[in-house]
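Shown next, in structure tokens, is the structure this report addresses.
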Protein chains: 2
Amino acid sequence: MATIEDVAKAAGVSASTVSYVLSGKRSISAPTRRRVEQAIATLGYRPHAGARALASARTEVIGLTIPLRSGIDVPVIMQFAGGVVTRAREHSHDVLLLTQDDLEGLERATNGSMVDALVVMDVEADDARIPILTRSRQPSVLVGLPRDASGLSCVDLDFEAAGRLAAQHLSELGHRQVAMLGAPPEVVDRHTSYVDRVMRGFAEGAPDHGLDAKVVSCPGAPAEVARVVDELLAEAPGTSGLFVHNERALPHVLSSLREAGRSVPGDVSVIALCPEDVALAQQVPMTAIDLPASTIGSLAVDMVMARLDGGQHAETRLLTPVLTTRGSTARH
Amino acid sequence: MATIEDVAKAAGVSASTVSYVLSGKRSISAPTRRRVEQAIATLGYRPHAGARALASARTEVIGLTIPLRSGIDVPVIMQFAGGVVTRAREHSHDVLLLTQDDLEGLERATNGSMVDALVVMDVEADDARIPILTRSRQPSVLVGLPRDASGLSCVDLDFEAAGRLAAQHLSELGHRQVAMLGAPPEVVDRHTSYVDRVMRGFAEGAPDHGLDAKVVSCPGAPAEVARVVDELLAEAPGTSGLFVHNERALPHVLSSLREAGRSVPGDVSVIALCPEDVALAQQVPMTAIDLPASTIGSLAVDMVMARLDGGQHAETRLLTPVLTTRGSTARH
DNA sequence: ATATCAATTCGAAGCGCTTCGACGCGGCAG
DNA sequence: CTGCCGCGTCGAAGCGCTTCGAATTGATAT
């Protein structure tokens, strides 16, 4: 591989001059710059990332932790990761992939100076990673809301408001008896922050709007979804409004309802909380609160970058949920 | 951050000794090793990745390119990526995430010595990345089969055999008129290698088994799936066997059939080509050819590692497809 | 007692880059 | 004509680690 010395020789300048051409940190005369750029192009030179990191204490890489475990809504994660990677590139950074529960990996990435900053997904209320992040030199932004976020940036959809919004909307449509189908039990038990928050928002918002509400968790497998729906309809036959926060279960909820002889939206209004494309991919285009995963990913990167080069302070940003009416809800 | 010098001082040895303790490349007496390890633990020392890469010409990172574009079966990719990351960790490597069409990123990663090796997903017949990979110093393995793979390792499910297998199975069940619903048109047009290969396998295998077969591409949106299915049933009303290679469309294919008054598997047998969990998540548990994405990911990493430290030669490995009979097929 | 050897450990060089201080040079004001 | 200033460039130091050859030591062989 060509080194900066090779380029310097080819351009008839010193290595430092090449470096300054690359970084723009000192002024370089137009002819010199041209010669250097020419040499770089013909040699196909790329700076050695390690050498650069060593000398400058900057890696131009950000770490991203993603969950690989069960019960997760995969498309949401992919959209989120896509948003992160895309925006990171726009800030000329690459992305190092870490997995959720690899604490050692986090240490390696931070203390080993593999990354300049971190984006951490799917944060739990008392997340084991938080102490590591707090201690680390690199800024980080959490996606989700831990119990104690002191000194850390957070970003997320305002899931509690989303829960309330769903309740309010069902109320405005004239429903009185409603229910929420949430994440699978195993996810609920982990107390991943957003899961808790939606449920709380819905459960607390419903009575405020005069609703009689049930909240149940819901597995993803078709047979189990059917069972949950059947049980629900048996216990509360008057249920006419449903709020579903579970991508995998969503299609099966719709077919279970149909199978139970309840039409959507004729007999039952259904509101989903999911990405737009998922809402549109159902048998009935869903009235839904958008889960703007890609946007959140981009935003997370913007925030972490601002802290990197702006010295910006830690902040928490919650996006206001937006509900779009489509074909799965009707006045009651 | 603590450096290797700090550790050396704390342990009363030289830096090189610490290095040898870490790498195990020279023998170290038990007491010395103990003191060094103790110092490392109390200081929380982690070697600086950049410095290490610079001195050793090894980064302990592998690059992974994943597709973020439209029409892609997201869960498959996630499973694949999960397999790669998990196995990479077992080889004590981290993973740098690159996106499909970021050629500049590929150059940066390889020529810039950011990675030791590469795993490239979703390879097209004439993939623009192949010349870069061939030129690069690092070994790489492609997931998929390009037209010309000289000097590069490849691994994939034997999609052509999968297509043939589906045809054979439908034939054995007694079907005579069958059809394949493939990937969305935009994906087919890209000539992603596996898409072409399944279609070819099915189209060529069907006549061998005395089948009358149609092959059509299929969008993912519910309304469009319904249209495609209806058209198919109109043109070839005798169709009693279906082979579906399109995860997103799969649930809608099943409901479209039902809506058209054809029961599964009573009137129509349906075979899917998808991961096992997707097959099980349908309304009817699907007879399916498994797409072992996670396994392929692990294997890709194993292959690339073998080349890294074994000097192993480039090789191509195609996994034999396995069909599992479940509830969506019946004798005809 | 001396030569030899294996087992450990050390010192120094060097990986490729950034960055700081210094230098040379032409143009300007005095 | 002299002194300054600023622009453009260079040289050297140093980032933290690995690795090679060499040095030290105690033990074994002669």
Side-chain angles (χ1 to χ4, degrees), chain A residues 1-37 39-40 43-61 92 108-116 137 309, chain B residues 1-37 39-40 43-61 92 108-116 137 309:
Chain A
M1 275 297 82
T3 72
I4 201 174
E5 282 292 351
D6 299 331
V7 174
K9 237 166 262 167
V13 299
S14 76
S16 51
T17 299
V18 176
S19 178
Y20 287 123
V21 167
L22 250 21
S23 69
K25 292 192 178 172
R26 284 196 182 176
S27 54
I28 298 287
S29 68
T32 304
R33 155 174 294 107
R34 215 180 340 274
R35 265 161 37 229
V36 170
E37 283 166 350
I40 289 177
L43 293 178
Y45 166 74
R46 318 269 156 168
H48 186 290
R52 183 171 257 191
L54 182 55
S56 67
R58 279 282 220 140
T59 63
E60 311 272 281
V61 173
S92 26
R108 202 173 346 111
T110 58
N111 290 344
S113 299
M114 301 183 79
V115 301
D116 292 339
R137 205 167 356 100
D309 40 48
Chain B
M1 276 295 82
T3 71
I4 201 171
E5 282 292 350
D6 300 331
V7 174
K9 239 167 261 168
V13 298
S14 75
S16 51
T17 301
V18 177
S19 178
Y20 286 122
V21 167
L22 250 21
S23 70
K25 294 193 177 172
R26 284 196 184 176
S27 56
I28 299 287
S29 68
T32 304
R33 156 175 292 108
R34 216 181 340 276
R35 271 171 21 239
V36 170
E37 281 165 351
I40 289 177
L43 293 178
Y45 166 75
R46 318 268 157 169
H48 186 291
R52 184 169 255 193
L54 183 53
S56 68
R58 277 283 220 140
T59 62
E60 310 272 282
V61 172
S92 26
R108 204 174 343 111
T110 57
N111 289 345
S113 299
M114 302 183 77
V115 301
D116 291 340
R137 204 167 356 100
D309 38 48

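None of the values given here were measured: they were computed from a predicted structure. Note on naming: letters A, B, ... go to the chains in the order of the sequence lines (proteins, then strands), and numbering restarts at 1 for each one.
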Test of understanding: with side-chain contact (heavy atoms from CB on, under 4.5 Å), list the residues that count as partners of [X], not counting sequence neighbours.
{"X": "B:I4", "result": "B:A15, B:V18, B:S19, B:Y45"}
{"X": "A:K25", "result": "A:Y20, A:S23"}
{"X": "A:A55", "result": "none"}
{"X": "A:A49", "result": "B:M114"}

Check your understanding: When we call it a touch if two heavy atoms are under 4.0 Å apart, what does B:T32 touch: a base, just sugar-phosphate, or nothing?
Key -> sugar-phosphate
Practice item. Heavy atoms under 4.0 Å is the rule here; annotate nucleotides 17-24 of chain D 5' to 3' with B where the base is hit, S where only the sugar-phosphate is, and - elsewhere. Key: BSBBBB--
**Study point:** Results of side-chain hydrogen bond (donor to acceptor under 3.5 Å, both in side chains) for B:R108 - residues two or more places apart only
**Key:** A:D94
Check your understanding: Which residues pass the side-chain hydrogen bond (donor to acceptor under 3.5 Å, both in side chains) test with B:R46, sequence neighbours left out?
Key -> A:E104
Between [atom2] of [N] and [atom1] of [X], the distance in whole Å:
{"X": "B:M114", "N": "C:dG16", "atom1": "CE", "atom2": "P", "value": "17 Å"}
{"X": "A:R58", "N": "D:dG16", "atom1": "CZ", "atom2": "P", "value": "17 Å"}
{"X": "B:K9", "N": "C:dT9", "atom1": "NZ", "atom2": "C1'", "value": "18 Å"}

Check your understanding: Which angle, rounded to 10°, do you find between the first-five-pair axis and the last-five-pair axis of the helix from C:dA1-D:dT30 to C:dG30-D:dC1?
Key -> 50°
Point to revise | Verdict with reasoning, A:M1 to A:H48, per side chain to side chain contact (heavy atoms under 4.5 Å, CB included) | key: CA-CA 9 Å; A:M1 275 297 82; A:H48 186 290; over 6 Å; no
Exercise for review: Answer yes or no: does a side-chain N or O of B:S14 lie under 4.0 Å from OP1 or OP2 of C:dG11?
Suggested key: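 It does not, given that no N or O in the side chain of B:S14 lies less than 4.0 Å from OP1 or OP2 of C:dG11.
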Exercise for review: Name the residue closer to the 5' end of DNA chain C, choosing between B:R33 and B:L54 according to the nucleotide with the nearest heavy atom.
Suggested key: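 Looking at DNA chain C, the more 5' nearest nucleotide goes with B:R33.
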Please list, one pair per line, the donor and acceptor atoms closer than 3.5 Å that link side chains of residues 27-34 of chain B to other protein atoms, with sequence neighbours excluded.
from	atom 1	to	atom 2	distance (Å)
B:S29	OG	B:T32	OG1	2.9
B:R33	NH1	B:I28	O	3.3

